[in-house]
Amino acid sequence: MQILEMVVNGAKRAMILEEGRVMLSDALRDGLGLTGTKVGCGAGQCGSCVVVMNGEAVTSCTTLASKAQGAEIVTIEGLARGGELHPIQEAFIEANAIQCGFCTPGLVMALYALFCKNPAPDDVILKKELNKHLCRCTGYEVIWDAAVLAREKMNGTRKACSE
Ligand code: FES
Ligand code: FES
C-alpha cells in the first residue's frame with residue numbers, strides 16, 4: 001500500500017493506492033470520484049480514457065497510477081472556468097459532435113494537450129490525433145468539424161491552457 005499524491009485539476013490530491021496493478025483511470029474514477037474520464041476498451045485502443053499528465057495526453061487505462069506520483073493531471077472536469085466551458089468543449093457542442101458522449105472526454109483532452117503544445121496544428125497533425133480515438137455513434141465527420149472549430153477558437157494561442 002502506498003499514498004499516491006498528485007495535483008489534479010490544480011488541486012493537491014492524495015489517496016491510498018492498494019497493492020497490485022491500479023491504473024490511473026481507476027485512481028481518478030474510483031479513488032477521486034472523477035468519473036468524467038471514461039473507460040472503453042481498457043487496452044489503450046479507443047482513446048476514451050485520455051487525460052493529460054505533465055502536459056502529455058496519456059491513455060489512463062494503460063498508465064499505472066503509481067507512475068502518476070507527484071504528477072500534474074488535467075481531466076475533463078478541470079477544463080471549464082468560472083462556469084464557462086473550455087473553447088474545445090464549446091466546439092464539440094456547436095459542431096453537434098456528441099451523441100452518447102462516451103468518447104468525448106478523451107477527444108477533448110487529447111485536443112487540449114495538442115493545442116497547449118501547438119495551438120495551430122495543420123490538418124495532418126490534427127487528423128493524426130483524432131485517428132487515435134474510436135467513436136461508435138456520432139460519426140467522424142462532425143468530430144473533424146469540431147476539431148477544426150476548436151482550432152479556430154484557440155486562435156493560434158495557448159490562452160485557453162492552464163499552464
Ligand atoms: S479505455 Fe483507455 S484507450 Fe480505451
Ligand atoms: S459519441 Fe458515442 S461513442 Fe462517440
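Both ligands and their constituent atoms are indexed starting at 1 by order of listing. Since the model is a prediction, treat every value here as computed from it, not as a measurement.
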Are Cys116 and Cys161 close enough that their SG atoms are less than 2.5 Å apart?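 Bridged: Cys116 to Cys161.
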
Atom 2 (Fe) of ligand 2 to nearest N/O/S of Cys100 below 2.8 Å: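 For Cys100, the answer is yes, given that an N, O or S atom comes within less than 2.8 Å of atom 2 (Fe) of ligand 2.
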
Any N/O/S of Cys135 under 2.8 Å from atom 2 (Fe) of ligand 2?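 Looking at Cys135, which is the residue asked about, there is no N, O or S atom under 2.8 Å from atom 2 (Fe) of ligand 2.
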
List ligand 2 atoms under 4.0 Å from [X], heavy atoms only on the residue side.
X: Gly101; answer: 1 (S), 2 (Fe)
X: Gln99; answer: 1 (S)
X: Arg136; answer: 3 (S)
X: Thr138; answer: 1 (S)

Under 4.0 Å from a heavy atom of [X]: give me the atoms of ligand 1 that qualify, with their elements.
X: Gln45; answer: 3 (S)
X: Cys49; answer: 1 (S), 2 (Fe), 3 (S)
X: Cys41; answer: 1 (S), 3 (S), 4 (Fe)
X: Gly44; answer: 3 (S)
X: Cys46; answer: 1 (S), 3 (S), 4 (Fe)
X: Ser48; answer: 1 (S)
X: Gly40; answer: 1 (S)
X: Gly42; answer: 1 (S), 4 (Fe)

Any chance you could measure [X], atom [atom1], to [Y], atom [atom2], to the nearest 0.5 Å?
X: Met109; Y: Thr59; atom1: CE; atom2: OG1; value: 13.5 Å
X: Tyr140; Y: Cys103; atom1: OH; atom2: SG; value: 7.5 Å
X: Thr104; Y: Ile88; atom1: OG1; atom2: CD1; value: 12.5 Å
X: Arg29; Y: Leu34; atom1: CZ; atom2: CG; value: 10.0 Å

Quick check on side chain to side chain contact (heavy atoms under 4.5 Å, CB included): which of Arg151, Lys153, Glu152 does Pro87 satisfy it with?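 The side chain to side chain contact (heavy atoms under 4.5 Å, CB included) with Pro87 is passed solely by Lys153 among Arg151, Lys153, Glu152.
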
Between Leu126 and Phe92, is there shared hydrophobic-cluster membership here, with clusters defined by ILVMFWY side-chain heavy atoms closer than 4.5 Å?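 Same cluster.
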
Distance to 0.1 Å, residue and atom name: give those for the protein heavy atom nearest to atom 2 (Fe) of ligand 2.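 Scanning the protein heavy atoms, the shortest distance from atom 2 (Fe) of ligand 2 goes to Cys137 SG, 2.2 Å.
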
State, with a plain yes or no, whether a side-chain heavy atom of Gln2 is found less than 4.5 Å away from one of Gln69.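 Touching, per the 4.5 Å side-chain cut-off.
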
Would you check if Val51 and Thr63 make a side-chain contact, meaning some heavy-atom pair closer than 4.5 Å?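 Answer no - side chains too far apart.
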
I'd like to know whether CD1 of Ile3 has more than 12 heavy-atom contacts from other residues, nucleotides or ligands below 6.0 angstrom.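 More than 12 heavy atoms, drawn from other residues, nucleotides or ligands, come within 6.0 Å of this atom.
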
